[in-house]
Amino acid sequence: MTTTSPAATKPGGLRVGVQRFGTFLSGMIMPNIAAFIAWGFITMLFIAVGWLGWWHPVSDLLGGFGNADVIGWQGAMTALAQDENGATFPQYVGLVGPMVTYLLPLLIANTGGRMIYGERGGVVAVIATMGVIVGTNIPMFLGAMIMGPLAAWITKQMDRLWDGKIRPGFEMLVNNFSAGILGMLLAIVGFFVFGPVMLAVSTFLGTIVDWLVNYQLLPLLSVIVEPAKVLFLNNAINHGVFTPLGLQQVEEAGKSILFLIEANPGPGIGLLLAFSFFGVGAAKASAPGAAIIQFFGGIHEIYFPYALSKPITILALIAGGATGVTTNMVLNGGLAFPAAPGSIIAVTAAAVAPAAGGVANLLVVYLSVVLAAVVTFLLTAVFLRASHKRDLEAEGDTFGAAIAQTEANKGKSSAAMDALRTSTAATTPEAAAAPSTTAIATTPIERIVFACDAGMGSSAMGASVLRNKLKKAGIEDITVTNQAIANLDGTADVVITQQQLTERATAKSPNSVHVSVDNFMNSPKYEEVVEMVREQRKEAE
């Protein structure tokens, strides 16, 4: 069963290229956010100044500090450390250092390699990145984000040289030895060449950030970041620069302000509260619910249509963002690990870590959120009140058009936009006029996959909705999962995507039944899927 609709016009130019680049970068970081959070909590608990730092010898072992000879714990890995007098002593390696030095960059490299060339690309990417890591003395996140995909691409090109030319029976030998030899060579190049180059790049970028901080210019980044968020151009900046540089700062200072430049929920909540009080029509009615999703769920994109419906409010977002950055800069606020998603809950967890300053730092971060929200709220209120009468006269499908523009900027739909569309009962003319054709499944339906760009977020919510509908219908033997379109392998019986992504999904899984929906959260097509399964079961009886 496939719903087709007129293809959305794809915007062109530099913006789309940056979007795709940002999507690729975030595709390497986002699947591994759980590992970053795990490292953050281990750091929070077990380093010397952590919440459990007093608990010897457990914290010494896991945190990687203390004299191993004194503690005498047998079997624990140790390394040599120097005291203030230059004397060396054996010290536990722990979890904190190895995770940030090796685990996190290698996870990123593996994910990037898989995105380019599957499992084989991921393996070579890890081998090559290991050379980069060992060849430097700082966490090599930038190096992993470049070397990982590059190594996988080189592997792909190498395999093309003898594709179809290997004698039967020698495939495994050639594949394993070629990947191993290539990985070795790339690791050596990474150690001697790529590592030092990336170290210089990281140092240069760090110098720029330090210059901005020293001259009190860091708030100016909001002039770039806040409009970029509304246009979905923030991923390249946030995941490509802020996250790796921020993690280096964490190694030195225990926290980083860079994690809060894009993730601060203050500007978004300020904008949505202003629309709740001073907006008109659908925007005013839906803003309170959107505020809850944005502030506690961390889905910032839900406020983008509000800004686009009144573009002058982007100035309010810039002012609010700059206020938050200034507060953290002056009072030394920051996060111990990335807050993803940008929820106040995630921000709290990353701000309260002892290494970041504990409760005192948390209060500074909360102040930055509150002040950013207040400034954005006041300026947005002024803009909305100034045009209130004109907006009342012009209100119609203005907000619905802003939702459509947001999706056009992003290049796809999302669960957040679907929720807004449902709550305002506003659909685009294209969606309303979309014709529908139905294809019948010819094989037993056992596996249904929701697919989106990242395989997280919106597709996970859609899968949960359909899973509940099937359960209520008494159908519990069908697997409903979610994954990235790039990972579709043709084994799904039914693939459900948003209409902008159906063509890509069909190319990846041509033998599946494809269902195209506009609304991941509340689509009538789900009932058709349930009915199709029921009819198929009846015929099989």
**Item:** Derivation of the side chain to side chain contact (heavy atoms under 4.5 Å, CB included) call for Ile445 and Ile478
**Value:** CA-CA 7 Å; Ile445 298 176; Ile478 290 181; 4.3 Å; yes
What verdict does the side chain to side chain contact (heavy atoms under 4.5 Å, CB included) test give for Val96 and Phe46, after you've listed the backbone C-alpha separation in whole Å, the side-chain angles of each residue and the deciding distance to 0.1 Å? CA-CA 8 Å; Val96 177; Phe46 298 115; 5.5 Å; no
Heavy atoms of other groups near Gln157 CD, more than 12 under 6.0 Å: yes
Could you give the side-chain donor-acceptor pairs of residues 338-348 under 3.5 Å, partners two or more places apart or in another chain?
from	atom 1	to	atom 2	distance (Å)
Ser343	OG	Phe296	O	2.7
Ser343	OG	Ile345	N	3.0
Thr348	OG1	Ile344	O	2.7
Thr348	OG1	Tyr366	OH	2.7

Tell me whether Trp51 at atom CH2 has more than 12 heavy atoms from other residues, nucleotides or ligands lying less than 6.0 Å away. yes
**Asked** Side chains of Thr380 and Thr313: is there a donor and an acceptor less than 3.5 Å apart?
**Response** no
Test: Arg120 and Asp159 ion pair at under 4.0 Å
yes
List the steps and the verdict of side chain to side chain contact (heavy atoms under 4.5 Å, CB included) for Ile261 and Phe242.
CA-CA 8 Å; Ile261 292 177; Phe242 289 163; 3.7 Å; yes
Q. Checking His514 side chain against Ser509 main chain: does a donor-acceptor pair fall under 3.5 Å?
A. yes
With Ser516 as partner, the option from Thr497, Thr506, Thr502 fulfilling side-chain hydrogen bond (donor to acceptor under 3.5 Å, both in side chains) is Thr502
Residues pairing under side chain to side chain donor-acceptor pair (under 3.5 Å) where one sits in residues 470-481, two or more places apart or in two chains, turn out to be Asp477-Arg537
Taking the six-membered ring for Trp, are the ring centroids of Tyr526 and Phe450 within less than 6.0 Å of each other? yes
**Message:** Check whether Gln294 reaches the backbone of Pro265 with its side chain - one donor and one acceptor, N or O, closer than 3.5 Å.
**Reply:** yes
Check: Can a donor-acceptor pair be found between the side chains of Asp493 and Ser512 at a distance below 3.5 Å?
Finding: no
Ser276 and Lys284: side-chain donor and acceptor closer than 3.5 Å?
-> no
Hits for ring-ring contact (aromatic ring centres under 6.0 Å, His included) against Phe41, two or more places apart or cross-chain, chain-then-number order -> Phe337
